[in-house]
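Shown next, in structure tokens, is the structure this report addresses.
What you see below is based on every heavy atom in this structure, not just the backbone, and it leaves out hydrogens, waters and symmetry mates. Residue numbering restarts at 1 for every chain, and letters A, B, ... go by the order of the sequence lines. Since this is a predicted model, take the numbers as computed values, not measurements.
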Amino acid sequence: MLELLNEAQRNAILEVNGPVIVYAGAGSGKTRTLTYRIAYMILEKGINPSNILAITFTNKAANEMKERVKALVEFDYYSLTVSTFHSLCARILRKEAHHLGYENNFSIVDEDDQHKIISDMLNEAKEDKRKARVLQKEISYNKCFELKSDDPWIRKYSDIYEEKMKKSNLFDFDDLLLKVRDLFLENKDVLEKYRKKFEYILVDEFQDTNKTQYQLVKLLALNSRNLFVVGDDDQSIYAFRGANYENIKLFKKDFPEHSSFTLNQNYRSTQFILDGCNRLISHNEDREKKSLFSDVKGDESDVCVFQAYDEKDEVRYVVDQIELKKNRNNRYEDFAILYRSSTLLRNFELGLIRHGIPYKVYGGVSYLRRREIKDVIAYLKLIVNSNDMVSFKRIINVPSRGLGDATIQKIEHLKDEYGLTLFSAIDSCKTLLPKAKYDELQDFKELIDRYKKDMETTFLVNLYDKLLDELKYLDYLKEEDPDTFDDRKDNLKEFRSILISVESSKEDLPRIERLKAAFDEAILSDEFLQSQKEDPHGVTVSTIHSIKGLEFDYVFLVGLEEGIFPSPRSIEEGNLEEERRVAYVATTRAKKKLYLTYTNQRLLYGARQRNTPSRFLQEFLGFNIKKKEERRYNDNYSFGDLDYDNDRISPMNKIKKEEKKEKVDVYTQDASIYHVGDRVIHTKFGEGIIVAINKDIGSIFFDSEHRMVNLLLTHNALSKK
DNA sequence: AATTCTGCGTTTTTT
DNA sequence: ACGCAGAATT
């Protein structure tokens with residue numbers, strides 16, 4: 001096993017005891033080093049996996065690491081803890097929250113819930129609800145940075161919010177970290193327990209930890225001293241939510257006996273690409289000087305710069321290049337389109353759809369945030385914890401029971417005023433409400449109680465089926481919006497399979513605990529949620545922030561313009577170093593070829609912008625480029641002087657140019673003639689069935705292609721069978 | 001209470 | 001350009 005590693009990696013692995021810091025550049029085999037180290041600890045050093053805690057940044061990374069360790073040790077060491085900070089803290093609080101004066105069956109609120117809570121709070125105080133968004137941001141910001149706002153209005157409502165959360169037994173994302181930190185500081189016994197348990201701690205993406213997170217690992221590792229951190233200051237891109245690579249300095253101070261290793265050899269990109277990356281990042285003052293090198297030399301053709309006429313032109317160029325390369329024996333999953341801000345997503349998505357290119361979007365609206373999923377989770381949560389006011393409010397009128405805001409407010413008022421439980425508050429409403437509404441509430445209460453009993457004995461899935469059936473929830477969805485019904489039904493089906501896996505995993509926990517754990521995961525994790533309509537073999541379309549750690553043969557970094565990337569905000573705040581690191585993360589993703597594109601002009605936020613090429617582009621290349629102003633929309637692609645690409649003008653461009661000249665509008669059909677379930681024929685893909693429709697875009701499964709394709713239903717190539 | 005209309009704010013990045 | 005919250009309407 002050790003022979004598969006280079007010297008620096010090997011050294012970093014062999015030193016199992018004591019504090020270790022590894023400076024791991026992009027593509028230097030960081031994940032490999034971490035997983036091999038864990039395997040080495042278990043197999044060679046005989047360390048009990050249950051004493052190892054590995055912390056990653058995303059749930060996705062956590063799962064991947066678990067899989068890779070599993071493959072190495074050839075055993076399912078489920079007692080090994082690989083987790084994000086947030087999941088870990090949630091799990092600890094489930095056991096220990098009572099020490100802090102919370103009940104252990106607290107609920108975790110996500111951003112949507114939090115927004116609702118804050119806006120209700122402002123409403124109650126007769127304040128403008130529209131300030132909720134700002135207040136929510138402020139509250140979270142201040143918690144991340146552990147600051148107190150100097151605005152008295154913010155302070156006032158932050159305090160009221162905190163009170164409310166405590167009283168309602170709720171934690172938001174930031175609380176999870178802060179409360180566990182406080183718990184460790186206040187309660188020596190609890191701290192000691194977890195110190196014993198987590199004798200060996202490994203932290204991935206250390207540069208992205210914030211103050212609280214560092215305090216947490218420091219507290220845990222202070223006695224054992226077995227703290228292994230891996231990071232790269234150049235890839236620190238989460239400062240906006242409190243990440244602070246000063247933590248690297250703190251680590252050195254707090255663990256002065258540490259040893260350090262540097263992984264500088266890059267196994268991902270060619271040297272030609274890396275030269276550009278190194279040039280780019282060297283413009284940052286505040287960093288450890290270092291540069292990456294590769295054994296693969298590469299040449300000019302590895303980097304291609306393209307000035308598009310406008311945003312549509314940019315899309316066409318990218319799509320054409322993908323088609324071209326795809327024809328040369330590449331797979332769609334080898335490509336990624338990366339952008340700074342998700343506003344750029346839309347155009348690319350449309351372009352890909354038009355060409356029938358499969359794709360997957362990272363960082364979009366997650367599956368679990370869909371309405372129907374949040375509804376059923378709210379039901380289940382209320383069954384587990386019948387005092388969960390957030391869930392109650394969400395579903396008391398879903399499906400409609402004729403109980404609106406007025407009724408809810410009466411109940412909540414009673415509950416808060418007299419410190420009642422939700423259900424006794426409902427009972428106490430008898431004289432305040434019309435009989436019909438009171439009866440509805442009693443029926444609802446009875447339903448929840450009945451399922452609570454069932455939960456002891458019934459399989460989750462069966463209970464879930466029964467619940468949906470009794471609520472006639474599917475009928476309700478169908479009536480609500482027939483167009484999205486099939487989509488939502490699929491989501492519910494997918495959730496059902498999640499419940500099955502919940503039932504079979506974590507068998508060491510009692511059923512109720514298992515459910516709670518599942519809900520925590522559901523809220524904190526963006527994992528199993530990729531919608532099934534997304535093609536796992538498609539082109540990746542993503543913000544730079546969401547693809548950290550991944551790599552692709554061909555990377556298109558688009559929108560490289562001043563005012564887009566760097567963003568206006570970062571220019572305004574003079575915060576360009578962080579922005580440059582984001583650019584660095586993007587360019588270091590490319591293995592074989594990196595495309596850098598910018599436009600002459602673009603339509604954005606309803607206005608036409610004319611931006612100059614991004615400074616990052618120039619820094620990457622090492623020389624200045626001028627924008628070519630004179631260019632006509634229907635011109636063929638003219639490549640700048642900086643085009644290193646041999647592909648030059650693809651035949652497709654010519655075809656498209658002709659199409660354009662003839663001004664043949666191929667989108668003339670009425671999308672509404674199509675319905676979910678219709679059999680259709682497409683001139684290119686053959687026969688298929690419409691699986692879902694979203695506005696004028698249909699998801700169609702084509703028989704001969706054996707895959708789902710998203711298409712504009714208005715296109716003439718499509719017809720009903 | 002549900003549905004439609006209007007006008008406002010928003011767009012950096014996310015566990 | 002777009003989505004969402006609040007108002008107005010049924």
Side-chain angles (χ1 to χ4, degrees), chain A residues 55-62 83-90 108-112 114-116 119 122-123 128-134 137 140-141 143-144 171-178 205 208-210 212-213 235-243 311 338-347 362-366 368-369 397-408 437 479-481 520-527 542-548 559 563-573 575 578-579 581-583 585-586 602-609 695:
Chain A
I55 296 174
T56 60
F57 199 62
T58 62
N59 289 288
K60 182 188 247 149
S83 163
T84 63
F85 273 107
H86 293 268
S87 307
L88 174 72
C89 289
I108 301 170
V109 298
D110 66 14
E111 278 166 324
D112 290 343
Q114 191 185 30
H115 182 260
K116 182 91 181 24
S119 114
L122 290 180
N123 201 33
D128 187 355
K129 272 209 257 181
R130 277 167 301 187
K131 288 183 179 169
R133 193 67 59 187
V134 183
K137 273 207 172 134
S140 175
Y141 180 89
K143 282 184 174 185
C144 277
F171 292 110
D172 62 31
F173 285 166
D174 305 310
D175 287 335
L176 295 174
L177 306 174
L178 290 168
E205 309 277 11
D208 286 324
T209 51
N210 69 19
T212 319
Q213 290 166 334
Q235 292 186 72
S236 167
I237 56 172
Y238 283 94
F240 66 92
R241 73 171 199 223
E311 75 284 349
L338 307 181
Y339 38 83
R340 174 63 234 264
S341 139
S342 34
T343 38
L344 299 195
L345 159 66
R346 211 189 152 72
N347 284 324
Y362 279 35
V365 178
S366 100
L368 289 169
R369 300 186 73 176
N397 211 25
V398 175
S400 174
R401 297 185 178 85
L403 302 168
D405 273 350
T407 312
I408 293 173
K437 293 199 193 290
E479 197 168 326
E480 275 275 285
D481 187 354
D520 289 351
E521 257 170 58
I523 289 166
L524 293 169
S525 150
D526 262 359
E527 202 26 36
S542 173
T543 63
I544 298 162
H545 283 80
S546 345
I547 45 86
K548 203 154 87 160
I564 305 266
F565 193 10
S567 69
R569 186 96 161 255
S570 65
I571 296 173
E572 209 175 284
E573 291 172 0
N575 186 16
E578 165 118 343
E579 199 77 352
R581 289 192 292 270
V582 180
V585 168
R602 86 164 61 236
L603 205 54
L604 199 64
Y605 308 140
R608 198 159 282 285
Q609 300 186 353
K695 292 193 180 139

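- For the side chain to side chain donor-acceptor pair (under 3.5 Å) test, residues two or more places apart in sequence or in another chain that qualify with A/Gln235 are A/Asp232, A/Arg589.
- Rounded to whole Å, atom P of B/dT14 lies 12 Å from atom NZ of A/Lys137.
- Note: CG (A/Leu344) to C1' (B/dT13) measures 13 Å, nearest angstrom.
- Of the listed nucleotides (B/dT13, B/dT15, B/dA2), B/dT15 has the atom at the smallest distance from the side chain of A/Thr58.
- Comparing B/dA1, B/dT15, B/dT13 against the side chain of A/Phe173 picks out B/dT15 as the nearest.
- Applying the side chain to side chain donor-acceptor pair (under 3.5 Å) test to A/Ser570 and every residue at least two apart in sequence or in another chain returns A/Ser567.
- Of the side-chain N and O atoms in A/Thr543, one or more sit less than 4.0 angstrom from OP1 or OP2 of B/dT14.
- Rounded to whole Å, atom P of C/dG3 lies 12 Å from atom CG of A/Leu345.
- Annotation: side chain to side chain donor-acceptor pair (under 3.5 Å) contacts of A/Lys131 (sequence neighbours excluded): none.
- Of the side-chain N and O atoms in A/Ser119, none sit less than 4.0 angstrom from OP1 or OP2 of C/dA5.
- Rounded to whole angstrom, the span from the CD atom of A/Gln114 across to the C1' atom of B/dT14 amounts to 13 Å.
- When each of B/dT15, B/dT11, B/dT13 is scored by its nearest atom to the side-chain atoms of A/Arg241, the top-ranked nucleotide is B/dT15.
- Among C/dA5, B/dT13, B/dT15, the nucleotide with an atom closest to any side-chain atom of A/Arg133 is C/dA5.
- Comparing C/dC2, B/dT15, B/dA2 against the side chain of A/Arg346 picks out C/dC2 as the nearest.
- When the P atom of C/dA5 is taken as reference, atom CG of A/Leu122 falls 14 Å away, rounded to whole Å.
- The CD atom of A/Glu205 sits 12.0 Å away from atom CD of A/Gln213, with the distance rounded to the nearest 0.5 Å.
- OP1 or OP2 of B/dT13 sits under 4.0 Å from a side-chain N or O of A/Ser342.
- For A/Tyr238, whose side chain is taken as the heavy atoms from C-beta onward, the closest listed nucleotide among B/dT15, B/dT14, B/dA2 is B/dT14.
- For A/Lys143 and B/dT15, the NZ to P distance is 18 Å, given to the nearest whole Å.
- The NE2-C1' distance, from A/His115 to C/dG6, rounds to 13 Å in whole Å.
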Criterion side chain to side chain contact (heavy atoms under 4.5 Å, CB included) on A/Ser236 and A/Asp208, from CA distance to verdict: CA-CA 6 Å; A/Ser236 167; A/Asp208 286 324; 4.3 Å; yes
Can you give me the N/O atom pairs linking the protein to nucleotides 4-8 of chain B at distances under 3.5 Å, or say none if there are none?
none

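- Dense packing is recorded around CZ of A/Phe240, with more than 12 heavy atoms of other residues, nucleotides or ligands lying under 6.0 Å away.
- For the pair A/Arg569 CZ and B/dT11 P, the interatomic distance rounds to 10 Å; values are reported in whole Å.
- B/dT13 has its base stacked against the ring of A/Phe240, the centroids being under 5.5 angstrom apart at an interplanar angle below 30°.
- Along DNA chain B, the nucleotide closest to A/Val582 and the one closest to A/Asn397 are compared, and the more 5′ of them pairs with A/Asn397.
- Residues forming a side chain to side chain donor-acceptor pair (under 3.5 Å) with A/Asp175 (at least two apart in sequence, or on another chain): A/Lys143.
- A/Phe57 is linked by a ring pair (Phe, Tyr, Trp, His ring centres under 6.0 Å) to A/Tyr238, counting only residues two or more places apart in sequence or in another chain.
- In this structure, A/Phe565 reaches neither bases nor backbone, as no heavy-atom distance under 4.0 Å exists between it and the strands shown.
- Toward the 5' end of DNA chain B, the nearer of the two residues A/Val134 and A/Glu578, judged by each one's closest nucleotide, is A/Val134.
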